[in-house]
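Quick note on labels: first sequence line is chain A, next is B, and so on, each numbered from 1.
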Number of protein chains: 2
Amino acid sequence: MTHIASIIRHKEYRKEETLLSEGSKANTLVIINEGSAKAFKLTPDGREQILYVFSEGDFFGERNLFGRQISTYSVEALEPVRTCSFTKESFYDLLHSYPEIAIKIIEELEKRISHLECTLQSMGVRSVDERVSTLILDFAEKYGTSVPDGTLIHLPLSREGMANYLGVARETVSRKLGQLENEGIIRSHGNKSILLLDRNMLESSAGKSVDL
Amino acid sequence: MTHIASIIRHKEYRKEETLLSEGSKANTLVIINEGSAKAFKLTPDGREQILYVFSEGDFFGERNLFGRQISTYSVEALEPVRTCSFTKESFYDLLHSYPEIAIKIIEELEKRISHLECTLQSMGVRSVDERVSTLILDFAEKYGTSVPDGTLIHLPLSREGMANYLGVARETVSRKLGQLENEGIIRSHGNKSILLLDRNMLESSAGKSVDL
DNA sequence: CGCGAGCTTGAACATTATCAAGGCAAGTGG
DNA sequence: CCACTTGCCTTGATAATGTTCAAGCTCGCG
């Protein structure tokens with residue numbers, strides 16, 4: 001463990017700083033210690049598709065440790081972020097000393113594949129209403145805290161961010177959230193947090209197209 | 001290599017036979033030797049999202065060799081298929097004898113992640129026209145043969161299959177293909193193959209929403 | 001040769017994107 | 001501390017796009 005500590009590099013980033021650029025050469029594994037960041041791809045015409053929202057404990061760049069060395073997406077801080085990172089070489093050292101790490105990496109890759117497959121299914125067959133509801137539930141899981149009237153969710157993404165994650169227009173996210181608020185399922189608390197009042201309703205509207 | 005040969009199981013499947021069921025316990029790695037198969041997820045209401053089209057040399061089930069043992073998707077033969085497979089135990093034996101296989105697996109997982117990320121981006125930000133065009137180009141790559149007037153593509157998927165892969169309605173695929181045919185870019189040859197006449201036009205319509 | 005599955009086509013409908021205008025809120029500078 | 005400004009969000013109207021439903025057609029198979 002002291003061995004590990006000696007080869008770690010710590011870094012800090014401010015909000016909106018870039019941790020990694022799509023297309024750049026990269027050969028480090030980066031672990032997020034604090035804060036959150038979005039991983040995204042840009043089309044030539046500037047449309048952004050968010051692939052992941054990383055927060056404490058998540059890592060990225062593992063793809064650059066093996067074959068491919070060109071990053072396939074960009075990562076940008078959504079709030080102040082602290083990271084630690086291994087270079088490719090130090091990671092290989094580590095791998096020799098602790099070969100079971102390879103299995104851990106494989107397991108994490110599998111989790112990520114699973115997540116991507118589910119997201120892909122959502123984009124393909126589920127309605128926008130369902131996807132918005134699912135997103136809020138996911139955020140409640142990761143970023144929610146229990147309060148007397150429900151779950152208070154600190155949103156890592158702006159409306160535009162959520163739109164770019166779901167693959168819809170900003171305005172559509174606004175409208176869908178407004179709709180959920182009218183139905184008494186959530187309550188907006190400024191632009192950065194949402195109070196989830198009725199989790200059951202949200203789950204049912206995430207599961208099966210609603211109905212009205 | 002004789003060691004490997006001794007632990008392989010060969011199997012054959014007819015068209016539409018199921019190689020693996022979503023939700024079932026699975027602990028084998030399956031390699032496709034001949035034929036092609038689709039991997040897909042079903043929603044409760046029966047809508048199908050195709051995740052991959054596997055053909056010679058592709059494999060699946062690797063996810064079941066590590067942590068999770070429940071398959072997250074189904075695999076069904078699109079035509080007669082021959083496979084060979086390893087059980088989890090024999091695979092672990094193999095892994096001990098040839099540890100570099102772990103790296104190979106990681107690299108393949110990375111490729112698949114890359115593919116999923118690109119597909120996700122397509123579903124999120126690209127128009128249906130672009131996605132249809134891209135799909136034909138992909139098929140041309142994998143299943144096309146050069147002929148005097150262009151590339152003859154033997155389609156592994158029906159119109160409905162393509163629709164379920166792209167996440168749109170059957171009818172939409174028909175219409176988009178009809179459109180490409182009117183523009184003289186492709187020519188339908190029955191329902192199972194397409195002649196690609198103008199690859200450049202198809203590439204430009206895959207890259208940037210057209211225009212008219 | 002005839003039948004049926006899968007494909008095409010059309011028309012009406014639903015949903016979402018786009019464009020445009022206005023509002024709220026946080027931060028800035030007087 | 002207040003007015004101002006700027007960025008983001010909401011809301012409305014309209015247009016584009018895709019879905020759904022309903023015929024009819026075609027290809028390939030028995």
| field | Residues from residues 162-176 of chain B lying under 4.0 Å of DNA chain C - heavy atoms | value | B/E171, B/S174, B/R175
| task | Return the orientation label for the A/F54 and A/F60 ring planes: parallel under 30°, perpendicular over 60°, tilted otherwise. | result | parallel
| request: Name the orientation class of the two ring planes belonging to A/F86 and A/F91 (parallel below 30°, tilted from 30 to 60°, perpendicular beyond 60°). | output: perpendicular
| task | Using only heavy-atom distances, determine whether the side chains of B/S114 and A/R63 contain a donor-acceptor pair under 3.5 Å. | result | yes
| How about B/T28 and B/S85: does a side-chain donor come under 3.5 Å of a side-chain acceptor? | no
| remark: Contacts of A/R170 meeting salt bridge (Lys or Arg N to Asp or Glu O under 4.0 Å) (sequence neighbours excluded), chain-then-number -> A/E160
In whole Å, what is the span from the [atom1] atom of [X] to the [atom2] atom of [N]?
X: B/N182; N: C/dT9; atom1: CG; atom2: P; answer: 8 Å
X: A/R187; N: D/dT10; atom1: CZ; atom2: P; answer: 16 Å
X: A/R159; N: C/dA25; atom1: CZ; atom2: C1'; answer: 13 Å
X: A/E130; N: C/dT15; atom1: CD; atom2: P; answer: 12 Å
X: A/E160; N: C/dT18; atom1: CD; atom2: P; answer: 12 Å
X: B/I194; N: C/dC7; atom1: CD1; atom2: P; answer: 11 Å
X: B/K192; N: D/dG28; atom1: NZ; atom2: P; answer: 6 Å
X: B/H154; N: D/dG28; atom1: NE2; atom2: C1'; answer: 14 Å

| message | Once ring pair (Phe, Tyr, Trp, His ring centres under 6.0 Å) is applied, what residue pairs with a partner in residues 123-161 of chain B remain, sequence neighbours excluded? | response | B/F139-B/Y143
| remark: Whichever of A/G161 and B/V128 has the more 5' nearest nucleotide on DNA chain D, that residue is A/G161
| query | Closest nucleotide of DNA chain C for A/R47 versus for A/N191: which of these residues is on the 5' side? | reply | A/R47
